[in-house]
Structures are given as structure tokens and as C-alpha cells.
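Worksheet: one structure, shown below.
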Amino acid sequence: MFGRNPQVEDRRQVALADYGILDTPAEAEFQDIVKVASEVCGMPVSLISLLDGERQWFKAEVGFGQDETPLSQSICAYAAQQDDIFEIEDLTRDRRTASNPLVTGGPQVRFYAGAPLITPDGVSLGALCVLDTKPNKLTPSQAFVLRTLSRQVITVLELRRSLRQRRESDRRNKAILQSAVDYAIVSLDLKGLVTSWSPGAEHILGWDEAEMCGKPVHVFFTEEDVYAGIPEQEMASALLHGCGTDERWHIRKSGERFWANGEMMPLWDEHGRHEGFLKILRDRTSQRNAAAKEAADAAFMRGVLSSSADCIKVLDPNARLTFMNDGGLAVIEADDFNQVRGCDWTGFWQGKSRDDARAAFWAALAGGTGHFQAPAETLKGTPKWWDVQVTPIRDAEGRPERLLVVSRDITKQRASDQLVTESEKRWRGLFEGMQEGFFSGEIIRDADGKPVDYRFVEINPAFAAQSGLPVETVGRSLRETISDIPDWVIETYARVVDTGTPEVFEIAVPELRRTFEVRAYRETEQRFAAMFIDVSERKRADAMRAALAELGDRLRNTDNRAESAKVAAEILGRTLGLSHAGYGSVRHDSETIDVGQGWTASGLPSVNGIHAFRDYGSYIENLKGGHAVIIDDVTEDPRTSEDAAALAAIHVRSLLNLPLMEHGRFVALLYALKDAPYAWTPAEIGFANTIADRTRAAMARIEAEERQTTLNLELSHRMKNMLAMVQSIATQTMRTATDLDAAKETLAGRLIALSKSHDLLLDGTVGSAPIETLIRNALRNHEDNAGRFVLEGPSFTVGSKAAMSLSLMLHELATNAAKYGALSTAIGKVSVVWSLRQNGGEPHCVLRWSEQGGPVVVPPTRTGFGSRLIGRGLAGNFGGEVDLSYPAAGVVCLIDAPLTGLQAEDAPTAGH
């Protein structure tokens, strides 16, 4: 394959495009060349091949039958790289062509000879070639003819291009003449007779070319100029100087005079001989009239300048004063222009004002406009403020040659503007800083005049914050920013504009949980203004006051604690817009809350049931301490973030928990929940506390009434039990007593123990007492030092049904220990240990009384009332078992009873 040179190929493409030969139809002059080449060389095929990118295209061909072939099959590409004839006698024997498809197939070419087609610029376009189907060789005469014909191809291409360029030049020149209608272009012969007449000449002078050809040029000169020989003088000047110019009046065909400037130039033939003249004429009448008007205007302006109150000055390029009008001299308090003539104008200014003056001067000298406002004193020292503009005065070529300075006295205007600026600044500060929202708008109406929208004209920062709309909303319409705005809002503002009557109304923005009082008034024909006053807190306070009043009314009319809690939860949830609200009773030991019947917002599932506090966070200790738990977002608070998923499962994202305490213990909870993040306000927290307090007070009233009823019944029941118990104790004591004094002492002790058990029950919660408190009270009379008793076990409550019996049992054990056992010595101790265990799936309490450090124990020979009380006190009444044993080291009493029996609330009768 032949080598390719990108630079050569680029030059070839440019040349081919310039000749305009590619892909043109067959033409006889090129066909004749290939026929001559074929016949002279005796070859069946002859081609004019032009190399175009990836192909070779044939402008003319004989015996080949194709218009082009791929460049990869081109043998002419080798010829195009030569300076003279390129010849291969047997293509099958040349490695460059042996595998060429034209050789191996198709026409089975065997011989090739080609002469390169080289342009005068040295660019090879392709080749003129001949081909044979058998090996061959050119004779010298054949080679000469082929070389000559290749040059003929280039000659034809050059001739065609020259003709095309000549036609294009003629066309362009004609177009120029046709379009130059503002110029009269006339050619003359040596005698001054017209030989050609342009369309511009016809347009300006009125005669057409047919009328003027052969006529003398004098026809469009005035009579006085013809008489003075002006046309001849112009032709002589053109010959002498190469150009003759004039500017004078001329005559149209209509006889109208017009002012024109023109040139007369000699015409020369191709041999340099003078053959005539060319006259170019342009109508300048309007310019001459404009110049005359300008002169008149200049005279007028000189009069205006002299009467103007502004200080009008002219500066040279060095900023020196060359002119000042009379009004200017008066305003700067100068007696005569000679006082300031030649002075540096920038020297009249001081400080920054001088810098401004110099900047304005240089801006105008550069062709722009300088402008500034600054203070300066008059020549007599009067302080004034000036508005100054500096502009260039240009020369004929448009370059600044002098500067015009107009200084206007704005002292009074400046003082007035300063007052206005200060006033606007004060009002703008008020507008920007006021807490009330403010905006002005313009009503937008449809084709029928119906109000359909309004456009924001101005918005203050407070309104932007209130509405959530950015200040950049100015210029946009309301429906562009809030598409679902109700129609009544737009209609209200339109009514204010139409009637001119101010209106006051309220707008609630649920997304912001805000309510605004709007005061609207008309500004102009279609403009209005509105002030937004945030009344959200007032509305919420009113709603909370109304809610508390409703709560009081409804609580007064109920005597049911569950109903009271339900009413409170409903009012709390509805007023604060909660997702859930209500009360729950707390199980302190298991750290759970039992929500019986809480309030739930529409569309949300209830949270009723038992919940473990620690499943939802780590704030249980706060509640136990009596502290409110307020969390705005459970996903961000460290106490709940790890359990946020559990809270989300019950639709809780924000919570307010208020613990209800009794005797320092956390017994109940008022909860207020929201399913979205929320910042609880102090007013809302106070409202929830008030709800809790009033509800708790109402429930306490109901509980007190219920308790009083219960106590009345219990008192009657207990009095009967007490009398029976006293009768039983007295009978048993007297029966076993050895003498009256012993019976008296024993009876007194047992009655005191009985009394303390009643005191314990009355001091604790109604009907129950903590086990450790119960044990300590039963043993208190025998605790003569800190180490006498060791108490250890879990905390739980003992109901009233077992408390009295357990107290009497412990009292009997302690009394016996004081008489005969560990408490009868100084070093004796008693250990009371209890624990909880499962027995057959039911929780049991196991309590062990053990003595140590006392005298050696001897089992009693008979069983007294105290022993029988101990043995039967819990077994018969509560399904428990008592094992009383007498090891030598000390008495041991083991009590095992069901926890449900120990926590029962009904007191036993005396007969049990």
C-alpha cells in the first residue's frame, strides 16, 4: 500500500474544491483528452483520475465503465506521487499491484502508465493514465503525448476556474453598482460624454442610462458652474493630480437643485492609455441642511448656556477651565471668568471629592461619562452640594478633544433627600424589626374582572417567618407559592380593595400551629396591605381555659374514678392535639404501667394494656423520683433513642409523662403523646399539670367518699373482730395464768401487740403494709440495741387479712424470746429472713425466725395460747404452714404461706 501524507491530502482537497470539478457531469473537452490518450498509446482504457479522500473519482474514462473505485484499488495514487510518467510493464510482477483487485479479477489489468496532474501551485490532484490487459511499454513519443495531455487537463481546469472567477467578479461588480444607490457613478469618454450611467445615478439625478449615454456631463451642473468651466476644470485636475474633488450645487432632471460632493478620476485601459473619466457623486443636501441647523442650534445653545442656572464649564484635556456660562459664574459666586480661567477644575474639590472629580474627568476623557455628587465651597466660601456630570466633546474623528462639565446646585434637594432618607430609614427599620407580620399585595383578576389571585409586592421578615414563605416570594403570586389556598382569603382582600373598607379576620395555619389576626386595608386602586398579629398563644390560652372549665363541670358530675380519668384524657388529648393521652396505674415492683382506657386520636391504634417502662427508654428513675419526663423527639433524646423503634410501633415520637406520687411513691402516670416531633411549651406543660392536679383531686374526692363508706363498714366489722379477739386473748390468758399479776402482765402485752398491729394498718396504705415495716413495728418494743434483730428479704406488701395475725405471731415469738430465749440475754440475737419461691406454679413466701446467743432451749411440756396462736395463726386462715421447733441453740419458727393469701385485704374474724 502506498504511503499517505495528511498535509498533502489537505492541500489536494482545497485545490479540488477551488476547481469545483468533483462529481460534475461528463464534459466533451475532458472526454476528448482520454480518447486521444487511448488511441495514441494503443491502450483499451484511459482515465482522468482525481484522488478524493478514500476514493478515486474519474472525470473522464474510456473502456473502464466505472465512475470511481476505492482508493485501496488505485494505481494512480502511486503516479500522483511522481514528478513524471509512472509506468509498470507487468502489474502481476510488481509487489505494489500484484494483489490489486483490478489485476486479480474484474478487467484483469496487466499494464499501467500514468502522468501526474500537478497544479501551478505544485499540488498533485491525481493522474491521466492508460491501461492494457497485457503487459506493455510506452514508446518515447507515447510518453510525450501522455505528459502533454496531462498538462492540458490542468490547463482546462485553470481556464475554467479563471472564467468562473471572472464571472463571479463581474457579477459582484454589477451587484455593487446595482446596490450603491446612494452614489451616482458615471463614466465619460475623453470629450466628457457619458458612456455608462449607474442605477445610483438614475436614483439621484433622475435621468436613466438610455437618456444620458452620449450626452455631455454639463447637463447636471448648474448654469453658473458650466459658464465658469467647472466640468473641464475637474477633468483637468483628475489628469493632473489623479483625482479631482468638488462640493457644490447640482441639478436633477426635475430642475431641483441639490448639494453634492464628488470626485473625478481618470480611466486607463490595460495598456495604461487614458481612455476617459469616472465621476462619482453623492447627494449631501440633508447633511448640509443638518450642518446649517447645527450651527443654528449652536447659536441657540449659546443663548441657553448664558441663561442657565447650572454651572456649565468646558475643560481642555488637562482639566483646565476654558469656558463657564454666566449662570455658572453666578452660582459659584465669581465676579468674572478671568478669576477661574485656566484653573485646574479638580482643584476646586477637597478630600474624597477630589478623587471623585478626577475619576469623572478621566472617564469622560476616555470617551465615557463621569458622574458624582459631592460638597464644595463657592469662591466666597459658601458650602454647597453639587451634582456633577462630565461628558466628552468630540472632534471630527470622534475623539474627545474637550470636556463638558455640568454642575447643578443640589444643596436644598440634598437636605430634603436627607430628611426623606432618614425618615425612610426609620420606617424601614420599623418595617424590618416589627414582630408583627406585614405584606402588601396586588389583586390579580381574570378577563371578567373576577379576583383569582394576588401578587406579593413587599414582605417583612416577621411575615416570612410566620408564613414560612421566603422574602424572595416578592413578585410571585399567592397560588404559585400555596396552590391550595382557600378562595375566601383572596375574595376578602379583593373586597377590601373594591370597597376601601378595612377588615379584620383570623387565619389559621395548621402546618405551623399558629393563628393570626389579620388587619387588611387598601393602599391603591388594586393594592392592599395586611398586618398579621400572632394570636396563637392567646387562642391556645383561651382553649386551655375553656378546657379546664369543661373539665371542672364534667368532673363534678361523675362519681367514678375510671370515668374521671377518661374525661381528663379526652380533654387533654383534644386540646393539645395529641395522638394518645390518659392515666395508667403503676406497678412499682415490676416497673410496669397498666393503661385501662386511654384516649386515642382518630385513625390511630390504642395503647391500652400493660407496658414495661424499660421497653421504651431509660427514664423510669426520673418518674420514680417524682420528676416529669418531657421529650420533644424520642429519636434524639439519649433516654429513648435506642428504643425509638418500640415507641414508633405505638405511634409515639414525642412524649410528656407526669408522675403521680403518694407518700413519696410513684403510683400512677398521666401521659400525653404525639406521633411527630414536637417542642412542648411551658404553657402546655402547665396545662397538663393542672389537668393532672384537678383530676387527681376529683379522684381523691371519689376515693375519700369510697374510703369513708368502706371505713364505716370496716370499723363496724373490725370492732366486732376486735372484741372477739380481746375476749379470746383474755380467756386464754386467764386460763393458763398461775397468778393474777402474771395474767395481768401477759394480757397487757398481748393487747399492746394487738393495738400496734392496728396502728400499723392505719399508718400504711389502706388495707396493706410493707412486710419489713410490719416486722419492725411488731418487734420495736424489744429492740434495746441496734444488733438485736437482723431483717433481710425482698419488699412486698402484706394485706390486712394477714397483717394482724402475722404481727401477733411475731409479738408472741418476741415475748417468748424475751422471757426464755435469745432476747433474755445481753448478747442474744434474732434473725428474721424471708424469701419468695415458686411452689406448684404459685408464688410462696418462706419466713424463718431463728434465735441465737440465748440460754439452752428446752422444749415446753405443754402448749399455751401463744404457742397455739403461732402454730395456727397463718395455717388455718391463709393456707400456710408453720413449723415451730426448739433446737438447743435457739427457737426456730418456719412459716410457708401463699403470697396471694398474705396479700389478701379482708381482715379475719375473732373466731378464726
Side-chain angles (χ1 to χ4, degrees), residues 159-296 396-397:
L159 179 60
R160 288 161 57 89
R161 181 174 64 177
S162 297
L163 290 174
R164 187 174 69 253
Q165 290 175 345
R166 177 62 181 271
R167 286 194 298 270
E168 177 63 21
S169 176
D170 291 346
R171 183 199 63 75
R172 188 164 51 250
N173 290 337
K174 183 176 181 181
I176 292 172
L177 288 175
Q178 293 291 335
S179 60
V181 294
D182 291 338
Y183 293 87
I185 302 174
V186 180
S187 63
L188 311 171
D189 62 13
L190 293 175
K191 296 180 181 179
L193 300 178
V194 175
T195 57
S196 69
W197 189 264
S198 73
E202 183 177 341
H203 172 72
I204 293 173
L205 296 168
W207 293 279
D208 59 27
E209 188 173 25
E211 292 177 287
M212 286 302 299
C213 281
K215 298 287 181 67
V217 72
H218 301 74
V219 70
F220 51 81
F221 280 85
T222 62
E223 289 184 7
E224 53 269 31
D225 285 346
V226 172
Y227 182 77
I230 297 300
E232 290 79 10
Q233 293 177 20
E234 283 190 10
M235 289 186 283
S237 178
L239 283 174
L240 183 62
H241 304 291
C243 180
T245 60
D246 71 337
E247 189 166 2
R248 63 185 68 253
W249 291 104
H250 290 76
I251 302 295
R252 302 188 203 276
K253 180 180 179 180
S254 63
E256 176 191 2
R257 287 193 171 205
F258 67 98
W259 186 264
N261 64 3
E263 293 183 359
M264 181 80 78
M265 294 169 288
L267 288 177
W268 310 93
D269 64 13
E270 62 270 21
H271 302 295
R273 294 190 296 267
H274 182 220
E275 64 176 4
F277 299 92
L278 183 69
K279 173 72 174 178
I280 300 175
L281 201 66
R282 189 177 186 187
D283 186 350
R284 305 294 290 174
T285 308
S286 60
Q287 287 80 0
R288 187 174 190 279
N289 292 340
K293 183 178 183 301
E294 184 176 347
E397 296 180 358

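If you're wondering where the values come from, they're calculated on a predicted model, not measured in any experiment.
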Residue pair [X] / [Y]: nearest heavy atoms and the distance that separates them:
{"X": "Met212", "Y": "Val194", "answer": "O-CB, 3.2 Å"}
{"X": "Val186", "Y": "Ala201", "answer": "CG2-CB, 4.1 Å"}
{"X": "Met264", "Y": "Ala238", "answer": "O-CB, 3.2 Å"}
{"X": "Leu188", "Y": "Thr195", "answer": "N-OG1, 3.7 Å"}

**Q.** Listed partners of Arg161 passing salt bridge (Lys or Arg N to Asp or Glu O under 4.0 Å), at least two apart
**A.** Asp18, Glu158

Distance, nearest 0.5 Å, that separates [atom1] of [X] from [atom2] of [Y]:
{"X": "Asp189", "Y": "Glu275", "atom1": "CG", "atom2": "CD", "result": "10.0 Å"}
{"X": "Leu205", "Y": "Ser198", "atom1": "CG", "atom2": "OG", "result": "8.5 Å"}
{"X": "Ser187", "Y": "Ile280", "atom1": "OG", "atom2": "CD1", "result": "11.0 Å"}
{"X": "Trp249", "Y": "Thr222", "atom1": "CH2", "atom2": "OG1", "result": "10.5 Å"}
{"X": "Asp283", "Y": "Phe258", "atom1": "CG", "atom2": "CZ", "result": "5.5 Å"}
{"X": "Leu240", "Y": "Met235", "atom1": "CG", "atom2": "CE", "result": "14.0 Å"}

Q | Residue pairs, two or more places apart or on separate chains, that pass salt bridge (Lys or Arg N to Asp or Glu O under 4.0 Å) and touch residues 192-212 | A | Glu211-Lys253

**Q.** Sequence neighbours excluded, every pair satisfying salt bridge (Lys or Arg N to Asp or Glu O under 4.0 Å) that has a member inside residues 220-236
**A.**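 Non-adjacent pairs meeting salt bridge (Lys or Arg N to Asp or Glu O under 4.0 Å): Glu224-Arg257, Asp225-Arg248, Glu234-Lys279.
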
Q: Kindly assign one of parallel, tilted or perpendicular to the pair His274 and Trp268, based on the angle between their ring planes and the thresholds 30° and 60°.
A: tilted

Q. Between His250 and Phe221, how do the two ring planes meet: parallel, tilted or perpendicular, split at 30° and 60°?
A. tilted

(Q) Under a 3.5 Å distance rule, please check whether Trp197 uses its side chain to pair with a backbone N or O of Trp207 as donor and acceptor. (A)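 Between the backbone of Trp207 and the side chain of Trp197 there is a qualifying donor-acceptor contact (under 3.5 Å).
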
